[in-house]
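Heads up: the structure comes next, in structure tokens.
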Amino acid sequence: KPMENRITDIGPREYKEFLPPIIEKNFGKWVYHEIVEPGMLMHKAESGDEVYTVRCGGARLMSVTHIREICDIADKFCDGHLRFTTRNNIEFMVDSLEKAQELKKYLNDQKFSGGSHKYPVGGTGAGVTNIVHTQGWVHCHTPATDASGTVKATMDTVFDEFQNMRLPAPVRISMACCLNMCGAVHCSDIAILGIHRKPPMVDHKVLDNICEVPLAVAACPTGAIRPTKVEIDGKSYKTVAVKEERCMFCGNCYTMCPAMPLSDKEGDGVALMVGGKISNRITKPAFSKVVVPFIPNEPPRWPTMTKVIKQILDAYAEDARKYERLGDWANRIGWERFFEKCGLEFTEHLIDDFRDPAYYTWRQTTQFKF
Ligand code: SF4
Ligand code: SF4
């Protein structure tokens with residue numbers, strides 16, 4: 001449809017242009033919805049119309065070929081309509097239970113040559129749904145770990161929980177590859193967070209040529225950077241000095257100044273956080289807490305990290321009450337028992353987040369320091 005009278009061509013087109021006719025007809029007039037079976041939802045409208053949604057897992061980073069395949073499925077079953085959820089699941093909508101079941105079978109039958117699911121149906125209700133994640137080593141400049149790799153390894157480990165709804169309550173897993181947390185790690189049931197453990201390495205010659213010193217200084221949230229001059233081979237360079245004991249390895253300076261990289265093979269890895277949620281159902285929304293301060297990067301399958309995540313999930317599944325989110329369970333039994341039941345070590349890194357006395361009030365934040 002041509003877009004006449006547009007003020008600007010920046011930004012996406014109006015979403016209402018893309019609604020399936022049945023959604024457009026009943027827009028804002030839904031009475032209730034229910035989960036018919038894992039991966040399948042039914043929405044009932046005031047008019048009596050019913051919409052059946054089949055949800056399947058999708059990759060966050062998709063190739064054009066893959067998107068074309070998804071569009072072909074939408075053409076075949078849903079008159080060309082589909083939607084993506086905030087957790088990168090793909091939802092196909094049809095108007096009867098029979099069509100939904102046919103579609104579910106079709107999606108579950110699509111396999112890669114190795115036998116694994118291409119479009120696994122699931123991700124609803126009291127289970128693990130798709131992981132929200134960030135960019136990782138390929139696409140961003142400050143990652144301390146990979147996103148696609150850690151997410152794939154984790155989802156493979158907890159895949160049964162994507163297709164069943166046998167956990168006490170929903171478990172939202174998120175992943176962010178640095179402290180900037182583009183993912184929702186600060187408020188997830190289980191969060192994987194990439195962390196650096198070494199300060200930036202300043203390349204003075206490069207810095208003088210390509211960076212604005214005031215910008216680098218202003219970028220640091222802890223005031224660890226100051227302007228300075230250094231002499232190298234008899235030549236003076238305008239550069240910066242980093243007070244290492246104040247640095248919390250956030251990478252903000254590197255965002256402003258590419259002459260201050262901080263990625264490091266030994267220093268980088270992941271921390272695990274648990275107990276956050278954004279829902280206000282039963283209890284208030286909560287921030288996640290760090291429960292494992294450091295696990296080294298172990299590409300391509302991150303075995304230690306996935307083992308610990310499975311331990312936490314299994315202990316929660318066994319011990320929590322129905323409808324109790326992971327953090328609510330830990331709060332009820334006490335965090336000491338949470339560590340015992342999950343087989344996690346409690347260390348001093350989990351108590352204080354920042355050593356500098358000027359910042360002691362940050363104790364309760366999700367920032368932390370080794
Ligand atoms: Fe980049 Fe950090 Fe966001 Fe990952 S979390 S995409 S490293 S800014
Ligand atoms: Fe400051 Fe963060 Fe750079 Fe450290 S990594 S110097 S805390 S901006």
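Just so it is clear, the model here is predicted, and its values are computed rather than measured. Indexing begins at 1, ligand by ligand and atom by atom, following the structure's order.
For a distance bound of 2.8 Å, the N, O or S atoms of Cys220 include one lying that close to atom 1 (Fe) of ligand 2.
Closest protein heavy atom to atom 2 (Fe) of ligand 2: Cys250 SG, 2.3 Å. For atom 1 (Fe) of ligand 1, the closest non-hydrogen atom on the protein side is Cys140 SG, 2.2 Å. In terms of protein heavy-atom proximity, atom 8 (S) of ligand 1 is closest to Cys182 SG, 3.6 Å. Looking from atom 3 (Fe) of ligand 2 to the surrounding protein, the closest heavy atom is Cys253 SG, 2.3 Å. Nearest protein heavy-atom contact of atom 4 (Fe) of ligand 1 is Cys177 SG, 2.3 Å.
Put simply, the side chain of Arg87 gets close to the backbone of Asn130: a donor and an acceptor are under 3.5 Å apart. Between the side chain of Arg337 and the backbone N or O of Arg332, no donor-acceptor pair lies under 3.5 Å.
Here is the list of ligand 1 atoms found below 4.0 Å of a heavy atom in Pro143: 7 (S). Against a heavy-atom cut-off of under 4.0 Å, Gln135 is close to the following atoms of ligand 1: 6 (S). Using a 4.0 Å cut-off to heavy atoms of Pro221, the atoms of ligand 2 that qualify are 8 (S). Within the listing of ligand 2, atoms 7 (S) sit less than 4.0 angstrom from a heavy atom of Thr222. If you number the atoms of ligand 2 from 1 as listed, the ones under 4.0 Å from a heavy atom of Ile225 come out as 6 (S). Remark: ligand 1 atoms within the under-4.0 Å shell around heavy atoms of Thr142 are 1 (Fe), 2 (Fe), 7 (S), 8 (S).
Shortest non-hydrogen contact noted between Lys238 and Lys229 is CG-CE, 4.3 Å. For Glu102 against Phe77, the heavy-atom pair with the smallest separation is OE2-CE2, 4.0 Å.
Cysteines Cys257 and Cys211 are disulfide-linked, with SG atoms closer than 2.5 angstrom.
Checking Glu34 against Tyr32 by side-chain atom types alone, no donor-acceptor pair falls below 3.5 Å. Between the side chains of Thr283 and Lys277, at least one donor-acceptor pair of N or O atoms lies under 3.5 Å.
In this structure, CH2 on Trp302 lies 6.0 Å from OG1 on Thr150, to the nearest 0.5 angstrom. Separating the CD1 atom in Ile312 from the CG atom in Leu326 is a distance of 7.5 Å, to the nearest 0.5 Å.
No heavy atom of Gly223 sits closer than 4.0 Å to any atom of ligand 2. In this structure, Pro199 falls outside the shell of residues with a heavy atom less than 4.0 angstrom from ligand 2.
Neither the backbone nor the side chain of Tyr254 comes within contact range of ligand 2; no heavy atom lies under 4.0 Å.
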